[in-house]
Amino acid sequence: MENQVSRRGKIRVRLYASVLILVLFSAFVINAQKASELSRQLNADAERSLSTLEACMSSINTNLTKGLYANTTPMLSSMAISLTRDAASAKNSLSALPLSDTQLDNMLKFLSQVGAFVSTLDRKLSLGEPITSEERNQLKQLIDISQKLLSELDTITQGVENGSVSFKQAGSTLQKSADQSVQIDSAFSDAEQTLTDYPTLIYDGPFSDHILNQSPKTLEGKSDISKEKALEIASDFIGIDKSTLRFDSETNGVIETYNFFVDSINISVCKKGGAVLYLLGSSSAGESVISPEQAVENAKNFLSAKGYENMKESYYSTQDGICTVNFAYENEGVICYPDLIKLSVSLETGNIISFDARGYIMNHTDRPPVQSKISADEAKMSVSDYLTVMSSRLAVIPTDYKTEKTAYEFHCKTPDEQEVLVYIDVLTAKEDDILLLLYSDGGILTK
């Protein structure tokens, strides 16, 4: 009997032990899953912070560079505000990264200095005092530092993305870049532009943020057309028989459209007036056969054939065998940047594969003659002496308040061959904007 009890006891012990092991194992698995999930969440948060930090540093670098060419109080004041905002955002991102305070001293010092320094220059100009050569050299040093930090942040980001750098390792790497940014100013002239600092076409960045936030001017007073009429317009625009086009849908909103498709081609026609809003074909292209210059000519001929006159081609961009060209309406020598039409041309076939007239439809209108209070020569006096003016013209540009204004556009060059566009208000002679031109094998871009 004792042996039987003993055997039962042993069985119970084994059973309890098995249950305990199972419970402990389950708890371990659950805790491991929670830890893994927490780790993934922390990594995701850190990645977002790193991405925001890099974006802020890119913006700081751009505004510092523009500040080097600024010459009036309104422009420097605007840049000082932007620098202060970006620096504060960068500090917040730094605080969210798994880094100790001792690793951030030099970088935080730099972020604190940039806005304050440009604000100082702004105050000097407001008092009628010029910016000295020494101050411009100091501004150059800040630009060199921002470029070096931006390059280092790009290296860290790439390391995190390919798994060769963890966020713990990123701390030591960031510390290294921060130390160098303070101690080795002369080594910062070699910093490269990063892949995350995407430049834009001149018509896509500051000249398009407002496009879809207002009433379409070209459609005012136009009557609605039928779906059948829209089908005829779409087939004629593409150059195919209307029986091959299929109705897709109707779009409501700021611009109401009828939408059709055939194979890989989509086309939208405005319900009011019947203008083609956009055409989107295949985005793939093979080996480049024609030059970008020929692609620009093809786009120009296409616009003319479709009845768009007085459209002036500007800069272009090429990528993956496709050349994207932007046109702005030109009226008696005044380039109207809000009136935009964008076309993409296949460098393999020379055919138009996309057409976007949203900017033109939203903004084109009969404008009154330019009322300028200053001459081009007087406006030129507001351009920094650091710049050499190569050409000038009048331009209509959008404002941050969903309106537009006229300015003199000065195409300039710096002593180190950087090309810059400076916009001077025709009424106040103040700087409205500064854009940096970037030339590459893919075209001409700006930021």
Side-chain angles (χ1 to χ4, degrees), residues 201 203-204 207-283 298-313 322 324-331 336-345 351-368 396 398-399 401-404:
L201 288 172
Y203 341 88
D204 290 345
F207 292 159
S208 70
D209 291 342
H210 70 303
I211 282 179
L212 296 180
N213 295 323
Q214 57 189 21
S215 176
K217 295 178 181 178
T218 62
L219 304 185
E220 293 177 357
K222 298 291 181 65
S223 301
D224 287 352
I225 64 171
S226 65
K227 184 170 65 176
E228 290 71 24
K229 180 62 177 178
L231 176 62
E232 294 179 4
I233 293 172
S235 61
D236 181 65
F237 193 88
I238 300 174
I240 62 175
D241 190 276
K242 66 179 183 180
S243 63
T244 62
L245 269 179
R246 297 183 180 180
F247 177 72
D248 182 24
S249 62
E250 295 183 20
T251 300
N252 297 317
V254 176
I255 302 179
E256 298 183 339
T257 61
Y258 295 109
N259 309 311
F260 306 91
F261 72 96
V262 56
D263 297 329
S264 60
I265 299 175
N266 294 275
I267 184 169
S268 290
V269 179
C270 297
K271 290 184 179 180
K272 288 185 176 296
V276 173
L277 182 64
Y278 71 83
L279 165 72
L280 181 61
S282 173
S283 60
N298 290 3
K300 186 190 307 183
N301 293 336
F302 180 87
L303 277 183
S304 179
K306 299 305 179 185
Y308 289 95
E309 303 295 338
N310 302 320
M311 300 302 294
K312 178 67 175 177
E313 75 277 7
I322 296 173
T324 300
V325 193
N326 287 264
F327 292 81
Y329 179 72
E330 188 176 44
N331 181 31
C336 302
Y337 282 116
D339 301 6
L340 312 176
I341 298 180
K342 179 188 295 185
L343 296 95
S344 292
V345 183
N351 294 333
I352 306 298
I353 58 177
S354 75
F355 166 90
D356 186 348
R358 284 175 291 185
Y360 186 91
I361 289 174
M362 291 298 299
N363 298 290
H364 180 63
T365 186
D366 291 330
R367 296 177 174 86
V396 175
T399 71
Y401 308 102
K402 302 177 185 178
T403 59
E404 59 184 37

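Rounded to the nearest 0.5 angstrom, K312 NZ and K300 NZ are separated by 6.5 Å. The line from CG of L343 to CG of L303 is 5.0 Å long, rounded to the nearest 0.5 Å. Remark: I265 CD1 to I238 CD1 distance equals 5.0 Å, nearest 0.5 Å. In this structure, CG in L340 is found 12.0 Å from CD1 in I361, a value given to the nearest 0.5 Å. Rounding to the nearest 0.5 angstrom, the gap separating the CZ atom in R246 from the CG atom in N266 is 12.5 Å. One finds the CE atom of M311 at 8.0 Å from the NE2 atom of H364 (value rounded to the nearest 0.5 Å).
Remark: N351 pairs with T349 by the side chain to side chain donor-acceptor pair (under 3.5 Å) rule, at least two apart or across chains. Partners of T251 by side chain to side chain contact (heavy atoms under 4.5 Å, CB included), not counting sequence neighbours, listed by chain and number: T257, N259. Looking at residues two or more places apart in sequence or on another chain, you find a side chain to side chain donor-acceptor pair (under 3.5 Å) between D241 and S243. Residues satisfying the side chain to side chain donor-acceptor pair (under 3.5 Å) criterion with Y258, sequence neighbours excluded, are absent altogether.
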Atom pairs and distances, side-chain donor-acceptor, residues 270-279, under 3.5 Å, sequence neighbours left out:
residue: K271; atom: NZ; partner: E250; partner atom: OE1; Å: 2.7
residue: Y278; atom: OH; partner: S268; partner atom: OG; Å: 3.3

Distance-only donor-acceptor pairs under 3.5 Å for side chains of residues 220-236, two or more places apart:
residue: K222; atom: NZ; partner: T218; partner atom: O; Å: 3.1
residue: S226; atom: OG; partner: K229; partner atom: N; Å: 3.1
residue: S235; atom: OG; partner: L231; partner atom: O; Å: 3.2
residue: S235; atom: OG; partner: E232; partner atom: O; Å: 2.9

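In this structure, K306 contributes its side chain and F237 its backbone to a donor-acceptor pair below 3.5 Å. Judged purely by atom type and a 3.5 angstrom limit, D339 has no side-chain atom pairing as donor or acceptor with the backbone of Y329.
Between N331 and N310 the shortest side-chain heavy-atom distance does not fall below 4.5 Å. Side-chain contact between V254 and M362 is present, with heavy atoms from C-beta onward closer than 4.5 Å.
The environment of N252 atom CG is dense: over 12 non-hydrogen atoms of other residues, nucleotides or ligands sit within 6.0 angstrom.
The two residues A299 and V345 make their nearest non-hydrogen contact at CB-CG2, 4.1 Å. Shown here for T324 and S344, the closest heavy-atom pair between the two residues is OG1-OG, 3.2 Å. Residue N298 comes nearest to I352 through the heavy atom pair O-CD1, 4.2 Å, listed as atom of the first residue, atom of the second, then distance.
Between Y308 and Y360, the distance separating the two ring centers is shorter than 6.0 angstrom.
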Query raised in the report: Hey, mind stepping through N363 and Y337 against side chain to side chain contact (heavy atoms under 4.5 Å, CB included) and telling me if it holds?
Result: CA-CA 9 Å; N363 298 290; Y337 282 116; over 6 Å; no
